[in-house]
Amino acid sequence: MVAKEMSAGLRVLLIMHECNPDWTSVPLVAYQYYRTIRELAEVTVITHGRNREALSRPFPKDRIIYIDESAAIERYFKYVVDPLTVLAGNRVWQLYTALTYPVYAEFNQGVYTRMKDEVAAGKFDIVHAITPMMPRYPVKLSQVCQQHGVPFVLGPINGGLPYPESFRDVASKDLAYFSALRALGRHLIPDYRETYRRADQILAGSSYTMGLVQDLLGVEDERIQLFFENGINQSFVKTMRRRKSPDEQVNLLFVGRLVALKGADMLLNAIAALPQALQQQINLRIVGDGVERSNLEAQSIALNLQSCVEFTGWVEQGEILGQYAWADVFCFPSIKDFGGAVVMEAMAAGLPCVAVNYGGVGEYITPETGFTVDPDSREHVTTQLTAHITTLVQDPDHLSYVAGCPRAGPKLYVGKQSSDVA
């Protein structure tokens, strides 16, 4: 109520290339921001035309401006992006991100053309660019903000995280060499550096990204702050989960794309290393789909885990809360996740988490909410997963954690910054 009173009459323009309640990851996070900010201020949203149907259902009376793709971009997407980035029915995300910049560039110009006069006329008190979240996209409208003294906020930005040195084989498997195109972007994309120079406030979703932007773009400390980007729907929040008795089955859950970097193969190996008696006490549910699914299913059979491992395939966002309600432990051995919204969702649902201590995920989990494993090697991660799962299965008290709350700790990623990021 206090926040509502303080912000009464505040006019905010939200630039959201992606904003969609029906999708996962960044579009869903952006939608959660929009849904909350609109309760605190007078909001205008400008977004891509592909979000029209999904946004018009919950907010038919809101001022939402849509930028539709041109016929040229539609053809580019159909005849260039899709054929080159979809393999065996699955998207190659590194290449997709690189090739879809022209789609954003057209949107960026459209936002500038459509909103520059309103911003110049003082119709907004704040202009806030939220998506894309990757820290390599310019916002042309920031020119007008600077010229007319309208505060411009950028972020939360997050990304640019390199693969751990001990997992370079995964980087190759995930076609991470396409990330070299990111470095070119810092020099070739018009208005990229100037966007960061103009921003009055920059929000960084992880310590790594915060340090990266400061080092590469010379952003002063007072203009940037750590701000974890993932918001959680109140429906996820549980204050306490029921304590399991020692003879009850313990349900383990993994949620994510089934690609090499997510580490589901290490989780299967960790389950296989459990004593037979403990294997009989657990169920592992792997929720998601991707290019590695067939390999993971074959691995499960080879390890004789069919009786305790289930693959659900893709689950709609509206059904995901039921997966967390079913689970007792959340396992997420991703070795390169700068955001990790699923970990925050699991923590909000009161699940103790076991995850790799790298990127944003490593900053969310505290000793009160779970275990983290350093990505020293594949063998180390697998062994530690086995050890922590054993603890959580054998000690029911560990399954009674109060729902976790991410907090910014003192951890900063120091050392060599990767040259192929941002």
Side-chain angles (χ1 to χ4, degrees), residues 161-174 246 249-256 258-286 288 292 295-311 327-337 340 342-343 346-347 351-399 401 404 411 413:
L161 188 69
Y163 283 78
E165 289 293 334
S166 53
F167 285 88
R168 290 297 176 183
D169 60 322
V170 179
S172 177
K173 191 171 186 178
D174 282 335
Q249 290 289 109
V250 175
N251 297 327
L252 312 182
L253 179 67
F254 169 97
V255 177
L258 300 187
V259 294
L261 68 88
K262 298 292 183 178
D265 60 319
M266 293 186 291
L267 179 56
L268 290 175
N269 286 333
I271 298 299
L274 290 170
Q276 191 64 35
L278 282 183
Q279 279 190 31
Q280 294 174 357
Q281 282 187 252
I282 66 167
N283 299 300
L284 170 62
R285 182 175 290 177
I286 295 179
E292 289 297 307
N295 291 335
L296 292 168
E297 289 176 334
Q299 180 184 357
S300 176
I301 294 171
L303 294 172
N304 197 28
L305 297 177
Q306 303 98 304
S307 62
C308 63
V309 175
E310 171 192 5
F311 292 85
D328 301 303
V329 179
F330 189 71
C331 301
F332 192 65
S334 175
I335 51 92
K336 182 181 177 290
D337 233 286
V342 290
V343 173
M347 292 167 66
L351 297 178
C353 298
V354 183
V356 170
N357 184 25
Y358 193 64
V361 172
E363 294 180 290
Y364 303 158
I365 299 173
T366 69
E368 294 78 27
T369 60
F371 297 104
T372 58
V373 179
D374 291 334
D376 295 342
S377 68
R378 181 175 297 278
E379 293 74 21
H380 176 76
V381 171
T382 301
T383 300
Q384 290 300 300
L385 287 173
T386 300
H388 294 318
I389 290 170
T390 298
T391 297
L392 292 168
V393 173
Q394 291 182 334
D395 184 357
D397 285 343
H398 277 282
L399 303 181
Y401 282 128
K411 290 186 289 184
Y413 296 96

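What you see is a predicted model; the values in this text were computed from it and never measured.
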Subject >> Closest heavy-atom pair and its distance - M266, F167 >> reply: SD-CE2, 3.9 Å
Original post:
How far does NE2 of H388 sit from SG of C353, to the nearest 0.5 angstrom?
Top reply: 12.5 Å
**OP:** Specify the closest pair of heavy atoms between D265 and R378, including all atoms of both residues, with the distance to one decimal.
**Re:** OD2-NH1, 2.8 Å
**OP:** Please tell me if the side chains of V356 and V381 come closer than 4.5 Å, counting only heavy atoms from C-beta onward.
**Re:** yes
**OP:** May I ask you to decide if L274's main-chain N or O and T390's side chain share a donor-acceptor pair within less than 3.5 Å?
**Re:** no
Subject >> Any side-chain heavy-atom pair of F371 and I365 under 4.5 Å >> reply: no
Original post:
Taking atom CD1 of I286 and atom CZ of F311, what is their separation to the nearest 0.5 Å?
Top reply: 4.0 Å
Original post:
Between the main-chain N or O of N357 and the side-chain N or O of T372, is there a donor-acceptor pair closer than 3.5 Å?
Top reply: no
Original post:
Using a distance-only test with no angle check, is there a side-chain donor-acceptor pair under 3.5 angstrom linking D328 and Q249?
Top reply: no
Original post:
How far apart are the closest heavy atoms of S300 and L268, and which atoms are they?
Top reply: N-CD1, 4.3 Å
Original post:
Does the Q281 side chain pair with the main chain of V250, one donor and one acceptor, at a distance under 3.5 Å?
Top reply: no
Original post:
Hey, mind stepping through E310 and L284 against side chain to side chain contact (heavy atoms under 4.5 Å, CB included) and telling me if it holds?
Top reply: CA-CA 6 Å; E310 171 192 5; L284 170 62; over 6 Å; no
**OP:** Please lay out, stage by stage, how Q299 and N269 fare under the test side chain to side chain contact (heavy atoms under 4.5 Å, CB included).
**Re:** CA-CA 9 Å; Q299 180 184 357; N269 286 333; 3.0 Å; yes
Original post:
Are any of the side-chain heavy atoms of F332 and V354 separated by less than 4.5 Å?
Top reply: no
Subject >> Spacing of I271 atom CD1 and L278 atom CG [to the nearest 0.5 Å] >> reply: 9.5 Å
Original post:
Between CD1 of I282 and SG of C331, what distance do you get to the nearest 0.5 Å?
Top reply: 8.5 Å
Original post:
Does the side chain of V329 come within less than 4.5 Å of N251's, by heavy atoms?
Top reply: no
**OP:** Please determine which of I389, L392, N283 meets the side-chain contact (heavy atoms from CB on, under 4.5 Å) test together with L252.
**Re:** I389
Original post:
Taking all non-hydrogen atoms of both residues, which atom of H380 and which atom of V373 are closest, and how far apart?
Top reply: CD2-CG1, 4.0 Å
Subject >> Within-4.5 Å side-chain heavy-atom neighbours: V309 and E297 >> reply: no
Original post:
Of all heavy-atom pairs between L385 and P333, which one has the smallest distance, and what is that distance?
Top reply: CD1-CB, 3.9 Å
Subject >> Separation of T382 OG1 from L267 CG (nearest 0.5 Å) >> reply: 9.0 Å
Original post:
Is there a donor-acceptor pair closer than 3.5 Å between any side-chain N or O of T369 and the backbone N or O of P352?
Top reply: no
Original post:
Can you name the nearest heavy-atom pair linking Y358 to P162, along with the distance?
Top reply: OH-O, 2.8 Å
Original post:
With a 4.5 Å limit on heavy-atom distance, are the side chains of R285 and V255 in contact?
Top reply: no
Subject >> Sub-4.5 Å side-chain heavy-atom contact between C308 and Q280 >> reply: no
**OP:** Could you walk me through whether F254 and K262 pass the side chain to side chain contact (heavy atoms under 4.5 Å, CB included) test, one step at a time?
**Re:** CA-CA 10 Å; F254 169 97; K262 298 292 183 178; 3.8 Å; yes
